[in-house]
Amino acid sequence: MKFDLDNVIVTEFGVGIDDGNEQTFVVVPVDTEVQTALHEMVQATWEEMQGDDVGPTRYQPSEKHGSTEYLYLPIGDDLAKSVRELHDATNLNIGVLGDPPNIFCYFTVSAI
């Protein structure tokens with residue numbers, strides 16, 4: 001995987017919301033300080049992943065996984081459907097963190 005993290009201009013923050021009927025993804029507006037903190041977290045995660053001598057292992061839902069593991073799932077896999085839809089989205093709605101118990105994930109989007 002190749003990422004150009006040194007030339008990121010903006011880092012957006014978003015969440016996945018599950019209202020019981022459907023799951024949706026929204027972008028949550030954040031200020032420059034939060035964008036900087038998110039970028040630092042992404043950079044630290046990337047550097048940690050690069051230090052793994054074994055490399056990523058394919059995610060297997062039938063296996064028990066530790067709290068920190070370097071896993072991957074091909075974007076074409078049926079289990080990656082929601083991630084694929086998020087990855088392919090061009091315009092996400094803007095949302096708020098109004099109902100935290102319904103948030104099932106968070107994500108960042110970095111743009112160069």
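One distance of note links CD1 of Ile17 with OG1 of Thr24; it measures 5.0 Å at 0.5 Å rounding. A distance of 9.0 Å separates CG of Leu73 from CZ of Arg84, quoted to the nearest 0.5 Å. Atom SG of Cys105 sits about 7.5 Å away from atom CG of Leu86, to the nearest 0.5 Å. Here the straight-line distance linking atom CD of Glu40 with atom OG1 of Thr45 works out to 11.5 Å at 0.5 Å rounding.
The number of heavy-atom neighbours closer than 6.0 Å to CZ of Phe104, taken from other residues, nucleotides and ligands shown, is above 12. Residue His87 places its NE2 atom among 12 or fewer non-hydrogen atoms of other residues, nucleotides or ligands, all under 6.0 Å distant. More than 12 heavy-atom neighbours from other residues, nucleotides or ligands sit within 6.0 angstrom of CD1 on Ile75. Applying the 6.0 Å contact sphere to CG of Asp78 captures no more than 12 heavy atoms from other residues, nucleotides or ligands. Annotation for Glu69: atom CD counts as buried by contact number, over 12 foreign heavy atoms lying within 6.0 Å.
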| Can Leu71 and Glu63 be said to form a side chain to side chain contact (heavy atoms under 4.5 Å, CB included), step by step? | CA-CA 12 Å; Leu71 303 171; Glu63 298 292 321; over 6 Å; no
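Hydrophobic clustering (side-chain heavy atoms under 4.5 Å, transitive across Ile, Leu, Val, Met, Phe, Trp, Tyr) keeps Ile94 apart from Val15. Hydrophobic clustering (ILVMFWY, side-chain heavy atoms < 4.5 Å, transitive): Ile103 and Phe25 are in distinct clusters.
The minimum heavy-atom distance between Met49 and Tyr70, with the atom names listed, is CE-CE1, 3.1 Å. Nearest approach of Tyr59 to Leu79, heavy atoms of both residues: CE2-CD1, 4.3 Å. The shortest heavy-atom contact between Pro74 and Ala80 is O-CB, 3.7 Å.
Proximity of Val109 to Val27: side-chain heavy atoms (C-beta onward) are nowhere separated by under 4.5 Å. Phe107 has its side chain within reach of Leu92: a pair of non-hydrogen atoms, C-beta onward, lies under 4.5 Å apart.
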Residues 28-37 side chain polar contacts: donor-acceptor under 3.5 Å, at least two apart:
from: Asp31; atom 1: OD1; to: Glu33; atom 2: N; distance (Å): 3.2
from: Asp31; atom 1: OD1; to: Val34; atom 2: N; distance (Å): 2.9
from: Gln35; atom 1: OE1; to: Thr11; atom 2: N; distance (Å): 3.4
from: Thr36; atom 1: OG1; to: Thr32; atom 2: O; distance (Å): 3.0

